[in-house]
Every structure is written in structure tokens, then in C-alpha cells.
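To start, the structure itself, in C-alpha cells.
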Amino acid sequence: MPEPSEVQRGLQDVVALESRICFIDGRQGRLIYQGYDIRDLAARSTFEEVAYLLWYGRLPTAIELSELRSRLGALRALPAPLAERIDGMPIDTHPMDILRTAVSTLALFEPDEAKPGASSIRGAQRLTAVLPSILGQFHRRRTGMPPLEARPELSPAAYLIYALVDREPTELETRAVDVALILHADHELNASTFAARVTASTLSDLYSAVTSAIGTLKGPLHGGAAERVMELLDEIGTVPRTAEVVRDKLVRRERIMGFGHRVYRVEDPRATILREWSRKLGEAKGELHYYELLRQLETVVYKEKGLYPNVDLYSGSVYSLLGIAHDLFTPIFASSRVAGWTAHVLEEYQDLRLIRPTAKYIGAVDLPYVPVGERS
Ligand code: COA
């Protein structure tokens with residue numbers, strides 16, 4: 001047996017498993033899904049095509065893509081008892097908590113998919129189809145919008161906009177969300193995907209794995225950053241105040257959300273693409289306030305700390321321009337990443353080995369046991 005190696009805090013640079021799904025070149029700033037560069041996918045494909053690619057390892061033919069579209073549309077409706085339960089959840093709950101609880105609850109109504117060891121393409125497609133419906137069911141009630149309909153004819157991107165802002169989006173708006181979904185669909189062994197794989201590696205089921213992943217994505221160091229970027233922009237308010245606000249935060253050793261990355265040593269390629277979409281959408285709407293603040297924030301953070309933007313820096317500005325509430329940003333991230341989570345769980349099942357690392361013990365040993373009544 002190999003000797004335990006030195007501790008890598010946060011498992012940084014530890015190679016935990018082999019995967020064919022996603023490759024990140026942190027030095028060159030490249031992101032590859034199943035062999036395809038993210039820049040090509042973002043320019044030319046759709047989220048459904050990318051989900052197919054992640055699940056099946058190849059791009060679909062036109063017929064396969066059209067079948068997948070119909071299937072995702074057909075799998076969108078929530079079971080009535082789940083919709084009723086969501087309606088009974090407190091309206092001041094964060095939508096990430098609603099999503100986590102609803103996916104876990106959905107498993108009770110789809111027991112075949114939730115048996116130990118259960119994992120199927122159908123389950124992956126069901127979860128990918130249903131996450132936006134869960135969000136729409138909750139968000140429309142808390143804001144008094146008309147009840148959600150399944151609208152199977154809409155693409156996942158158009159459906160998200162319909163579900164969350166209750167209007168027919170323009171082509172540009174739909175494409176902006178579609179690109180955001182493509183860019184968030186997978187990212188190798190990020191924390192939530194690792195959590196999903198750990199859960200699956202115990203022979204648990206796909207729905208449990210996705211529940212673990214949602215709980216992990218929720219944290220501000222992972223998926224929760226985009227929401228906090230918008231809070232920061234509101235705090236900054238105007239371009240000339242940017243440097244002062246950033247410096248104050250850095251002096252207090254606070255993190256500037258939307259910057260830095262565990263793997264990328266250069267700009268996150270997803271940030272490059274979303275920056276363009278933030279500008280394009282801002283120009284179309286005559287509303288460049290966020291874009292201009294973000295550009296200045298990039299300049300200041302690079303000057304002060306040498307940090308590059310990550311995917312979360314610009315995504316919030318794109319969603320905000322569509323009128324999407326800030327607390328829905330991380331859930332939208334989940335609605336895309338679920339394609340990657342489920343692809344990884346399917347892969348995990350093909351070559352399953354319980355994921356169980358080891359710890360370097362730094363506690364005491366051989367302490368004399370003192371009975372409870374004699375302890376001081
Ligand atoms: N703001 C300020 N300082 C940052 C920073 C940020 N966003 N990201 C990293 N740093 C600093 C750290 O304080 C640390 O400085 P120090 O050596 O002086 O203490 C150094 O850079 C290395 O940071 P470390 O925490 O070791 O890097 P990591 O790989 O663990 O962190 C993140 C990666 C993503 C957790 C980190 O960059 C971060 O917290 N970013 C903000 C949250 C965010 O945008 N998350 C979305 C990721 S896609």
C-alpha cells in the first residue's frame with residue numbers, strides 16, 4: 001500500500017479520477033467538453049446539444065437533437081403533489097434551498113429512479129428538464145405571477161425566461177441565456193460535481209447525487225458568487241467609487257466575488273464570452289451601467305491583486321438585464337450544471353469505486369479516560 005502523501009489542502013492539484021467529460025487547461029485558459037472547445041460550442045451550439053454531448057460523448061444528429069428537445073419538453077411538468085408541496089414552502093426561503101428540497105422530494109414520487117444504484121439517462125433528462133419548473137413554480141407564487149405552465153414547445157433557455165419573468169423573450173435574450181447555460185454546463189471536478197460523484201460512488205442514486213450537488217453549489221465560494229457580484233455593484237454604485245470600495249474590502253481581507261479561480265491562471269474563457277454578452281445585451285437595451293462598473297472593477301482588481309475574472313463576474317449582469325431576481329442566479333447555474341452532474345454520475349457508475357480519501361491525523365492519542373462525574 002502506498003504511504004499516505006502530504007496533505008493537499010482543499011485537495012488542490014490532486015488527481016482523483018479519470019474522466020472523458022471535461023478538460024480545463026488552466027494555463028492556456030481553455031475549456032473543453034468531450035473534445036469540443038467551449039468557444040465553438042458557445043458560438044454555434046445550443047444547451048440541448050451540449051447536454052446531449054455531455055451525456056452521450058458525441059454531438060447529436062439533427063434527428064437525435066429534435067428527439068431530445070421533445071423529450072426535455074415532455075419531462076418538464078411537475079408531479080401535482082410536488083407542485084403543492086412547493087406552494088406550501090415559506091416564500092422567504094432562498095430558491096437554492098427550494099431546489100435542493102424539491103429534488104429530494106421529487107425522488108419520493110419517482111421511486112424507480114431513486115433506488116440504490118439507480119442512474120439512467122432518463123433520470124438525467126428528467127432532472128435537467130424539471131429544475132427550471134421547480135424554480136418557476138416557487139418564484140411565480142412568491143411574486144404573484146400567473147401559475148406556471150409546462151410550455152413543452154419552448155427551448156430550455158426560453159422556458160427559463162418565461163418561468164422566471166413571465167414574458168416571451170426576444171431572440172437575443174434567449175440566445176444570451178442559452179450561451180450562459182452552455183458555459184455553466186460542466187467544469188470537470190468542481191466542488192459540486194465532486195460531491196455528486198462521491199454520493200454516486202457509494203452506490204446511492206442519481207437524485208441523491210444531484211441533491212448533494214445542489215447543496216454544494218449553494219456556497220458563495222462556488223455557485224453563490226454571481227449573486228454577490230451584483231450586491232457589490234450596488235454597493236459601488238458609480239464607476240469612480242470602484243477603487244475605494246475594492247481597496248476597503250482588500251484591507252479587511254474580504255474576497256472580491258467573481259475573481260480568482262482554483263484552476264485558471266489566466267482569464268476564465270467563460271468570463272471572456274459572457275463579457276461580450278453583457279455588452280451586447282446592455283447595448284440592445286440601452287443599459288450599460290452594470291457593464292461599465294464591471295469593466296472598471298476588472299481594472300481595479302487586476303491592479304490591486306493581479307486577479308482575473310471568473311465565470312460569475314458577468315453572468316449576473318446578463319440575468320439582471322433580463323429582469324431576473326438576484327437570488328435566482330445560482331439556481332439558474334444549477335439548471336445548467338445538472339447536465340454535467342448527471343453526466344459525471346453516469347460515468348462514475350461505469351467504473352465505480354467508493355471515493356473515500358484519508359486524513360492526516362493531528363489530534364491526541366492515548367488520553368486517559370475520565371468518568372463523567374470526575375471531569376472538571
Ligand atoms: N478576492 C480577493 N483575494 C482573492 C480572491 C478574491 N476573489 N481569490 C483569491 N484571492 C487571494 C487569496 O486571498 C489568497 O491570497 P493570500 O495568499 O494573500 O492569502 C490568494 O489569492 C490565493 O487564494 P486561494 O484561496 O488559495 O485560492 P483558491 O484556489 O482556494 O480560491 C476561489 C479559489 C474561487 C475560492 C477564490 O478565488 C475566491 O474565493 N473567489 C471569489 C469567489 C468566486 O468568485 N467564486 C466563483 C468561482 S468560479
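All values below come from the heavy atoms of this structure, side chains included, with hydrogens, waters and symmetry mates left out. Position 1 is the first residue of the sequence; numbering continues from there.
Salt-bridge check for Arg58 with Glu64: passed, with a basic side-chain N closer than 4.0 Å to an acidic carboxylate O. Using a 4.0 Å cut-off between charged nitrogen and carboxylate oxygen, Glu49 and Arg69 do not count as a salt-bridge pair. Classification of Arg151 and Glu149 as a salt-bridged pair fails, no side-chain N sitting under 4.0 Å from a carboxylate O. Contact check on Asp97 versus Lys218 returns a salt bridge, with a Lys/Arg side-chain nitrogen under 4.0 Å from an Asp/Glu carboxylate oxygen. Ionic pairing of Arg279 and Glu283 is present here: one or more N-O contacts between side-chain nitrogen and carboxylate oxygen are shorter than 4.0 angstrom. For the pair Arg140 and Asp87, the salt-bridge criterion is not met [side-chain N within less than 4.0 Å of a carboxylate O]. Under a 4.0 Å N-O distance rule, the pair Glu347/Arg20 does not qualify as a salt bridge.
Side-chain contact of Ser278 with Ser317: a donor-acceptor pair under 3.5 Å is present, judged by distance alone. Using modelled atom types, one finds a donor on one side chain and an acceptor on the other under 3.5 Å when comparing Glu227 with His94. Residues Ser133 and Tyr159 have side chains that bring a donor and an acceptor to within less than 3.5 angstrom of each other. A donor and an acceptor atom, one from each side chain of Glu188 and Thr193, are nowhere located under 3.5 Å apart. Side-chain atoms of Tyr314 and Arg270 form no donor-acceptor pair, as typed in the model, at a separation below 3.5 Å. Between the side chains of Ser201 and Glu348, no donor-acceptor pair is found at a separation under 3.5 Å. Side-chain atoms of Arg197 and His344 include a donor-acceptor pair closer than 3.5 Å. Looking only at atom types and distance, the side chain of His222 has a donor-acceptor partner in the side chain of Ser192 under 3.5 Å away.
Of the possible donor and acceptor atoms, none in the side chain of Trp277 sits under 3.5 Å from a partner among the backbone N and O of Val318. Side chain of His184 to backbone of Ala180: a donor-acceptor contact under 3.5 angstrom is found. Side-chain atoms of Gln296 do not come within 3.5 Å of backbone N or O of Thr242 as any donor-acceptor pair. Listed for the Arg265 side chain is a donor-acceptor partner under 3.5 Å among the backbone atoms of Arg262. Under a 3.5 Å cut-off, the side chain of Glu173 and the backbone N or O of Thr170 do form a donor-acceptor pair.
Relative to the six-membered ring of Tyr162, Arg167 misses at least one condition, a distance below 6.0 Å or an angle of at most 45° to the axis.
Using cut-offs of 30° and 60° for the angle between ring planes, the Phe329 and His326 rings count as tilted.
Cluster annotation: Ile273 and Tyr291 are assigned to the same hydrophobic cluster (Ile/Leu/Val/Met/Phe/Trp/Tyr, side-chain heavy-atom contacts under 4.5 Å, transitive).
When the options Tyr33, Phe23, Tyr264 are evaluated for a ring pair (Phe, Tyr, Trp, His ring centres under 6.0 Å) with His187, the one that passes is Tyr264.
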Test side chain to side chain contact (heavy atoms under 4.5 Å, CB included) on Thr342 and Val210 and set out the steps.
CA-CA 7 Å; Thr342 51; Val210 168; 4.0 Å; yes
Side chain to side chain contact (heavy atoms under 4.5 Å, CB included), that's the test. Do Glu298 and Lys303 meet it? Break it down for me.
CA-CA 8 Å; Glu298 277 194 70; Lys303 190 163 158 239; over 6 Å; no
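Here Tyr308 and Phe259 keep their ring centres 6.0 angstrom or further from each other.
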